[in-house]
Amino acid sequence: MEDQKTPAAPAQGKDFIRTIIDEDQSTGKHAGKVATRFPPEPNGYLHIGHAKSICLNFGVAQEYGGTCNLRFDDTNPLKEDVEYVDSIQADVHWLGFEWAAMYYASDYFERLYSFGETLIRTGKAFVCDLSADDVRAFRGTLTEPGRNSPFRDRSVDESLELFRKMRAGGFEDGSRTLRAKIDMSSPNINLRDPALFRIRKATHHRTGDDWCIYPMYDYAHALSDWIEGITHSLCTLEFEDHRPLYDWCLEALGLENRPRQIEFARLNLTYTILSKRKLLHLVTGGHVRGWDDPRMPTIAGLRRRGFTPEAIRDFCNRIGLAKRDSLVDVALLEHCLREDLNRRAPRFMGVLDPLRVVLTNLPEGVVEELDAVNNPEDPSQGTRKVPFTRVLLIERDDFREVPPPRYHRLSPGQEVRLRWGYLVRCQEVVKDASGTVTEIRCTYDPATRGGDAPEGRKVKGTIHWVSADHARAAEVRLYDRLFVAPEPDVAPEGSDFLSNLNPASLVVSNAARVERAAADAPPGAFFQFERLGYFTVDPDSGPERPVFNRSVSLRDSWAKIEKKTSARR
RNA sequence: UGGGGAGUCGACAAGUGGUAAGUCAGCAGUCUUUGGAACUGCCUAUCGGAGGUUCGAAUCCUCCCUCCCCAGCCA
């Protein structure tokens, strides 16, 4: 795995998982091997929370010279689909990782079944005829112990016969389960004779109708880990009290070289929802345009939004790893993107809300080719030519007839610099009948070509622009946070996270005009429209109509000044 | 009021008995042909609380408080 020089590798302060692995290495546990796995259930798209797990599992394997498998935890045919297995593979690859091997829990169904028979034979599991409701009733509560199933003590032979009949399709869904024989009075509810297999006459996306019984998560996961020789099975905190069951499964079968499950806190992000169920709801409810809507925290959404794998990996390295519940500021994610793109993205000029500027002292028909630097942060990206003509388009917001305090842009009588162009002075404002400014007339100073101000002349403002004749029309999609609340789930009584949806999370500009090179960029290309932010070309883009997504805005200190000064009044 | 976890600056997070890193955010500046970037300074955290052990504790002990997870034939 080359080309993954994610910056800011924490030199000191190893996280607790790597500390554990260090210890295992020094004591020679697992013969010094490190084998991890990323085990998604193919029932939804991967999101930024999964990225944390992916970076951890694949990262640890790389760092210790070990391996990391991709394993689909496909034990519930009712919820799973190939669309998801495809997207998951694509997303892991896109993030920059390559698995040592790819497996499906369903690859192990036969072995898992056979392990089930073994457990029956050794008196550690039994077929239970109780209905789901009855099982619940027998389970007890958090404070009261449960009661043994009346079928718990039936003979090994009877259970074996019943289990075979379950597999053969002889029973209806829900009529029977294979249960572990552990302890109905355990304070840990997961140990109260948990189900190991249930009947589900459903077509599986991989095994078709080969099976009508499917293993439960705890059982399948522990054994799959063991089968693959996983050494460190990393998962999130909610599985902490499943660990005794994970261990039980391996121990009951007398398996050696057992993997160790270690739990870490899942990622939570401000202004974001990271529940597969709720994300699915956003998609099916039409609140977004799909799993890859640029407002979604899915890997597919982030990719379409213009996030880079580098920025996401950097983010995952920076948020740290611990066991305490945390809520990471989404501003950190945005920061990581800006930092990456500032270094790498070429600059272009584009105007979102155009205002005509006529240079009265530049004759019509004259086209000057000016040199513009592609990336001030990276001279190797060179320069390009931009056409300068009599009629220009600037950002409407870069002109104020009555400039507020500390406004450094264009206003009547004032001078401003056109980036890479000339210094221009506003001489006249043209309005329509309703009083809307339709055009401003300026003079340019031929002595300031390239934007160089003569000795002693201070021009504070520099604005972007395009030539009206040369610019290309484009659609620009401005995205904002999907939710207005830092914790979307915190909603008033009677309402849910949907009530916190941001009505302005997408604002489309159809009036935008951009320089040609930007309009010709292929989908997925990223760049900065100077002073506006970082953008990427959306897949909706076509030769006739380029479509740009704003990935993230630039930090805007003027917005802060303006907010403060207006608040003061 | 069962069991399992967790509590260090606004947010993440180092620190594992020797006297509280770093990052993001925020604030104030410098600089600037992006009010971008970069750079500088500030952000005065005694470590959930109370006791105790110790020359010395965020780090050890005791008690207490708060928060999260678990009663799917989901994962």
Side-chain angles (χ1 to χ4, degrees), chain A residues 8 10-15 19 39-41 43 73 75-76 78-79 128 130-132 135-136 139-146 173-179 186-192 194-200 213-214 216-218 220-221 235-244 263 265 270 276-277 318-329 331-336 338-339 342-343 347 349 372-373 376-377 406-409 417-421 423 448 450-453 459-464 486 528-533 553-562:
Chain A
Q12 59 177 91
K14 252 182 194 178
D15 60 70
T19 300
E41 182 189 13
N43 68 340
D73 221 329
T75 55
N76 185 355
L78 263 27
K79 292 185 175 175
C128 180
L130 252 28
S131 69
V135 168
R136 191 173 310 123
R139 184 157 35 224
T141 68
L142 293 179
T143 52
E144 303 159 30
D173 280 15
S175 63
R176 258 156 263 245
T177 52
L178 179 72
R179 289 227 257 162
S186 171
N188 180 343
I189 291 181
N190 295 299
L191 263 23
R192 317 242 263 228
L196 265 22
F197 278 89
R198 78 290 212 177
I199 303 171
R200 271 255 212 291
I213 58 171
Y214 292 91
M216 297 292 291
Y217 165 82
D218 295 290
H221 202 87
C235 65
T236 43
L237 253 28
E238 66 270 29
F239 294 105
E240 211 149 17
D241 49 21
H242 287 240
R243 194 185 335 125
E263 312 83 11
T270 56
K276 274 197 201 174
R277 204 197 96 243
R318 290 211 208 189
I319 53 179
L321 190 71
K323 296 195 71 160
R324 103 177 60 141
D325 294 311
S326 61
L327 178 62
V328 176
D329 194 338
L332 178 59
L333 214 210
E334 295 171 345
H335 168 83
C336 291
R338 287 194 186 100
E339 193 170 83
N342 173 55
R343 211 171 47 233
R347 272 63 167 170
M349 290 197 284
V373 173
E377 300 294 318
R406 299 174 69 182
Y407 187 78
H408 299 151
R409 284 112 96 164
R417 171 186 297 110
L418 295 178
R419 175 133 250 224
W420 312 123
L423 265 31
T448 59
D452 288 315
V459 178
K460 283 190 198 157
T462 298
I463 64 176
H464 58 277
Q528 180 192 118
F529 275 135
E530 295 218 34
R531 302 211 304 135
L532 296 177
S553 64
L554 256 30
R555 292 186 72 224
D556 189 353
S557 57
W558 164 246
K560 287 177 188 169
I561 294 171
E562 197 176 28

**Request:** Please state whether the phosphate of B:A75, meaning OP1 or OP2, lies under 4.0 angstrom from any side-chain nitrogen or oxygen of A:Thr75.
**Result:** yes
**Fill in**
Side-chain atoms of A:Ala322 come closest, of B:A13, B:A6, B:A25, to B:A13
**Asked** Any idea which of B:C70, B:U34, B:G72 is nearest the A:Arg531 side chain?
**Response** B:U34
**Asked** Considering only the C1' atoms, how many Å lie between B:C31 and B:U23, rounded to the nearest integer?
**Response** 24 Å
**Asked** Out of B:G5, B:A6, B:C74, which nucleotide sits closest to the side chain of A:Arg324?
**Response** B:A6
**Prompt:** What distance, rounded to whole Å, do you find between the two C1' atoms, one in B:A25 and one in B:G10?
**Reply:** 7 Å
**Fill in**
Considering only heavy side-chain atoms of A:Ile189, the closest of B:A71, B:G36, B:A25 is B:A71
**Prompt:** Can you name the nearest heavy-atom pair linking A:Glu41 to A:Lys276, along with the distance?
**Reply:** O-NZ, 3.1 Å
**Request:** For A:Ile199, report the nucleic acid contact type (base, sugar-phosphate, nothing); a contact means any heavy atom under 4.0 Å.
**Result:** nothing
**Prompt:** Looking across every strand, which nucleic acid part, if any, lies under 4.0 Å from A:Leu78 by heavy atom: base, sugar-phosphate, or nothing?
**Reply:** nothing
**Asked** Taking the same atom, C1', in B:C47 and in B:A57, what whole-Å distance lies between them?
**Response** 11 Å
**Message:** Of the listed nucleotides (B:A71, B:U33, B:C27), which one gets closest to any side-chain atom of A:Lys560?
**Reply:** B:C27
**Partner nucleotide, any strand, of B:U32 [Watson-Crick/G-U, under 3.5 Å]** = none
**Request:** Using the closest heavy atom to pick a nucleotide of RNA chain B for each, name whichever of A:Pro376 or A:Arg555 lands nearer the 5' end.
**Result:** A:Pro376
**Prompt:** OP1 or OP2 of B:G72 less than 4.0 angstrom from a side-chain nitrogen or oxygen of A:Arg136, does that happen here?
**Reply:** yes
**Asked** From the list B:U34, B:A71, B:C73, which nucleotide is the closest neighbour of the side chain of A:Leu142?
**Response** B:A71
**Prompt:** B:A20 and B:A58: how far apart are their C1' atoms, nearest whole angstrom?
**Reply:** 8 Å
**Message:** Let's see if you can work this out: which of B:C73, B:U23, B:G10 has an atom nearest to the side-chain heavy atoms of A:Met216?
**Reply:** B:C73
